[in-house]
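These notes are about the structure you will find just below.
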Amino acid sequence: MDWNFIIFSLVKIAIVVGVVQGLVAYSVLAERKISAWIQDRVGPNRTAPPFAKYLPVLGPLLTRWGMFQPLADGLKFLFKEDFTPAGVKKIYFFLAPAISVIPAMLTVAVIPFGSQIGAQKMVIADLNVGILYTFGIVSMGVYGIVLAGYAANSKYPMFGGIRSSAQMISYEISMGMSVIPLLLIVGNLNLSQIIGWQSSHGWLVLYAPISFVIFMVASFAETNRTPFDLPEAETELVGGYHTEYGSMKFALFFLAEYSNMVASSAMMVTLFFGGWTLPFWGLDHAATSLGMGLVQILVFLVKMLFFMVIFIWVRWMFPRFRYDQLMDLGWRRFLPLALVNILITAVWLWIRS
Amino acid sequence: MATVQDIEIRDAAARSAAAAEELQDAHGERMVLNMGPSHPATHGVLRIVLELDGEVITKADPDVGYLHRGDEKIAENMTYTQFIPYTDRLDYLAPLANNVAYALAVEKLLGIHDKLPPRCQYIRVMCCELARISAHLLGLGAFAMDTGAVTVFLLTFTEREKIYNLAEAASGARLTTSYTRIGGLMRDVPPTWCDQVRQFLKEFAVSLAEAETLLTRNRIWVDRLRDLGVVSKTMAIDYGLSGPNLRGSGVDWDLRKNQPYLCYRDLDFDIPVGSAGDCYDRYLVRMEEMRQSMRILEQCVNKIPGGGENRIGEPVSVADGKITLPSKQKVLSSMEELIHQFMLVTEGVNCPPGEVYFGHENPKGELGFYINSKGGGTPYRLKIRAPSFVNLSILGTLMPGCMISDVPVILGSLDFVMGESDR
């Protein structure tokens with residue numbers, strides 16, 4: 001048993017999970033702030049713990065930026081009564097939030113968020129089937145939602161659950177198909193290798209722009225974000241699959257949604273935008289010093305946040321699709337497009353070889 | 001043995017009423033979904049009992065009356081003037097227009113509705129058009145929000161806030177305005193009011209254009225609204241639809257043009273008319289109506305007798321002591337005015353016996369007041385023709401064949417207010 005490996009892995013897991021949780025909490029804040037800016041509002045600007053006013057400059061500033069808001073949100077969820085409605089299927093009802101949160105957390109395991117610090121690779125599990133792993137895990141997320149819809153013994157969640165299962169399965173196919181050209185080009189399933197290829201050949205978004213578009217739209221659908229937020233369409237299904245949930249169980253669904261957003265953004269960065277690399281300042285090679293390693297992690301985070309902002313931005317600008325339009329888009333537009341894309345890429349590679 | 005069924009996927013999946021008939025063949029258990037009375041899409045307290053086949057609605061049964069307050073009965077127990085505050089609460093998105101409609105109905109009974117002082121007429125028209133913009137803005141915002149575009153809602157609410165400010169400046173209240181009196185207005189508008197309206201129009205034009213950019217050519221928005229909830233011309237007339245819902249179906253009928261009242265004759269404006277009668281047409285009609293209202297407001301601001309400040313003292317109420325309250329100064333110094341004041345406050349405006357109906361082009365449609373008077377200061381019977389109530393009657397025909405996601409869209413495009421429907 002390699003103790004070194006275990007200890008470092010645990011440290012990495014702790015840090016990654018912590019960072020993802022923090023990102024989730026603050027992306028909720030970002031969501032509220034960005035929506036406020038879009039809508040000519042101010043957004044959360046007064047939540048503050050009692051000690052904030054004793055901090056000279058920082059206290060009021062952080063309060064104005066709403067930096068304490070996620071804390072208050074979290075505490076509110078935690079202290080609310082955990083109410084279980086009558087007539088629910090208890091085991092499934094309790095299991096559903098967990099099942100939807102776990103895959104969301106697991107996805108980030110294979111994503112290289114930096115090159116290396118010292119001898120440690122900045123990835124929790126450097127699998128040689130990274131992409132397959134991600135797709136496998138992501139598709140498990142749907143079970144939580146379906147279970148939630150089924151267990152709540154209520155009609156609106158039921159619709160939400162059914163819609164989401166159909167939606168996620170449909171878009172997973174387009175998503176999977178959109179990635180195949182990348183595999184053809186790179187010839188490897190390992191995410192670190194894909195990044196390595198990109199650092200020497202240029203970002204994959206230049207080679208497969210159609211793939212990127214499909215992947216991005218499919219990730220909106222996968223994460224149930226507007227304009228694909230049918231499973232929780234508020235004005236149709238009240239709250240969708242989480243209508244009957246409250247307190248921390250609801251918070252877990254929330255957590256899952258935003259973790260999925262983080263994971264999708266990370267995947268987009270990794271697959272199409274060179275991951276932790278930048279084509280200049282020597283950032284395209286594995287780091288040799290501690291500083292470089294940290295800068296590369298920073299580069300990765302910035303790229304990821306860019307996509308998070310796009311997720312949020314789109315949500316506040318567009319109406320949502322109708323169920324059949326969504327299916328139409330998924331099956332009749334994106335799937336054929338993805339298939340043609342594969343063909344074109346294959347032919348192009350064959351001609352070049 | 002399992003049987004194989006061909007499932008045909010149409011372009012517009014299960015939209016038309018014909019689709020509902022086809023689906024009859026596929027036997028399956030129907031699900032009854034109770035939408036409302038407290039559901040985010042049924043704004044207020046509409047309840048629709050939906051019978052569903054999968055996501056497709058096979059039967060819709062609207063159920064109204066959760067907000068019933070008995071306004072019509074209440075009216076029989078108070079003077080005509082005392083009922084004005086109750087009209088605020090009918091279509092609570094356009095209280096100013098309701099005030100005007102009710103006042104005009106009673107004035108018609110008195111036979112003075114076309115003898116109102118011109119300044120009063122202009123102010124009333126401005127109130128009506130502001131109310132129209134306000135109501136349409138909320139309708140649009142809620143419509144967009146129901147469809148998933150939340151930002152439009154906030155955009156329109158910012159503008160509505162400005163209209164509330166104008167209402168507050170004129171009447172002293174933002175929502176429960178009670179601005180009209182029988183035979184005139186509670187008081188003249190403040191001197192700067194017309195300039196405030198001008199300022200508002202300037203700002204509103206920008207916001208409306210912004211909302212339009214977010215929606216009108218938005219592919220998702222158009223896809224959601226097109227060919228949905230189609231109301232044909234004859235259907236619209238048969239169901240007695242009125243207002244934008246009627247005009248959306250291509251019927252050129254606007255009471256402001258067809259049965260002109262107040263000073264609408266002197267104003268230049270167009271009536272937008274739809275062609276297909278779908279949700280998108282109704283949306284477009286409302287957008288254009290707001291622009292036309294802006295046009296009317298601009299003309300009013302320029303043409304209002306006495307100008308914005310009314311230095312020459314144009315009256316805003318009829319000069320009849322038996323109808324409008326005399327000034328307090330005179331009440332305290334002159335016998336005749338004292339008697340008038342006493343009689344008006346205790347007995348109400350003495351209306352002649354008879355019956356009268358007055359239909360007013362409210363934002364939601366034709367708001368009609370039918371008054372049956374046996375003489376005296378209270379109506380024997382007062383009936384309110386609430387446009388929302390009539391417009392909602394078409395739901396049961398419109399919804400079968402649609403999907404659940406279409407319900408908020410159709411409801412939003414019909415733009416109803418339960419306060420008025422249930423009255």
Side-chain angles (χ1 to χ4, degrees), chain A residues 31-32 34-43 154-167 170 217 220-221 224-240 243 312-333, chain B residues 9-15 19 31-36 38-43 50 52 54-56 141-159 161 207 210 213-215 218-226 228 402-409 411-412:
Chain A
E31 175 112 55
R32 294 174 71 173
I34 292 173
S35 74
W37 293 331
I38 290 175
Q39 297 168 350
D40 283 351
R41 294 186 286 117
V42 188
S154 168
K155 286 168 185 171
Y156 288 108
M158 179 85 169
F159 271 110
I162 292 171
R163 277 185 184 188
S164 89
S165 56
Q167 172 181 329
S170 312
V217 175
F220 274 87
N224 295 330
R225 297 280 300 184
T226 309
F228 303 100
D229 62 341
L230 299 153
E232 44 192 310
E234 178 181 296
T235 47
E236 295 155 23
L237 302 181
V238 190
T243 307
I312 293 167
W313 180 28
V314 165
R315 166 155 180 197
W316 297 101
M317 296 308 281
F318 285 116
R320 73 172 68 85
F321 279 99
R322 194 173 55 195
Y323 187 57
D324 58 322
Q325 290 166 351
L326 173 104
M327 287 297 160
D328 189 81
L329 193 71
W331 287 100
R332 298 210 299 196
R333 307 279 157 80
Chain B
I9 301 169
R10 282 174 303 274
D11 209 6
R15 278 181 196 173
M31 173 174 167
V32 176
L33 186 70
N34 184 30
M35 213 172 198
S38 53
H39 183 282
T42 59
H43 303 287
L50 298 171
L52 298 169
E55 285 240 3
V56 181
F143 189 8
M145 192 169 69
D146 286 353
T147 321
V150 191
T151 299
V152 182
F153 182 77
L154 271 294
L155 203 68
T156 61
F157 256 61
T158 315
E159 295 308 307
E161 227 27 56
S207 285
E210 207 173 318
T213 5
L214 277 173
L215 294 177
N218 186 327
R219 182 64 197 271
I220 304 175
W221 177 256
V222 176
D223 276 355
R224 288 293 302 271
L225 267 61
R226 270 262 169 85
L228 179 68
C402 297
M403 306 184 79
I404 304 181
S405 313
D406 295 333
V407 172
V409 179
L411 291 180

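By convention in this document, chain letters (A, B, ...) are assigned in the order of the sequence lines, proteins followed by strands, and residues within each chain are numbered from 1.
- Interface remark: V150(B) contributes backbone and side-chain atoms alike to the contact with chain A (heavy atom separation under 4.5 Å).
- Residues satisfying the ring-ring contact (aromatic ring centres under 6.0 Å, His included) criterion with F220(A), sequence neighbours excluded, are F311(A).
- Heavy-atom contacts from other residues, nucleotides or ligands closer than 6.0 Å to CH2 of W316(A) number more than 12.
- Taking chain A as the reference chain and counting heavy-atom pairs below 4.5 Å, the highest number among N34(B), L411(B), L154(B) is found for L154(B).
- Here the side chains of M35(B) and Y156(A) are in contact, with some heavy-atom distance below 4.5 Å.
- Per-residue heavy-atom pair counts under 4.5 Å with chain A were compared for L155(B), I220(B), V407(B), and the maximum is reached by I220(B).
- A pairwise comparison of heavy atoms in D223(B) and Q325(A) identifies O-NE2, 2.9 Å as the closest pair.
- Annotation: the span from T147(B) atom OG1 to F321(A) atom CZ amounts to 13.0 Å, rounded to 0.5 Å.
- Only the side chain of L52(B) comes within contact range of chain A, judged by heavy atoms closer than 4.5 Å.
- For W37(A), the side chain to side chain contact (heavy atoms under 4.5 Å, CB included) test picks out K33(A), I34(A), with sequence neighbours left out.
- Inter-residue side-chain proximity for R322(A) and D406(B) is flagged as met; some heavy-atom pair is nearer than 4.5 Å.
- A distance-only check finds no donor-acceptor pair linking the side chain of T151(B) to the backbone of M317(A) [under 3.5 Å].
- Contact check for K155(A) versus L50(B): no side-chain heavy atoms found under the 4.5 Å cut-off.
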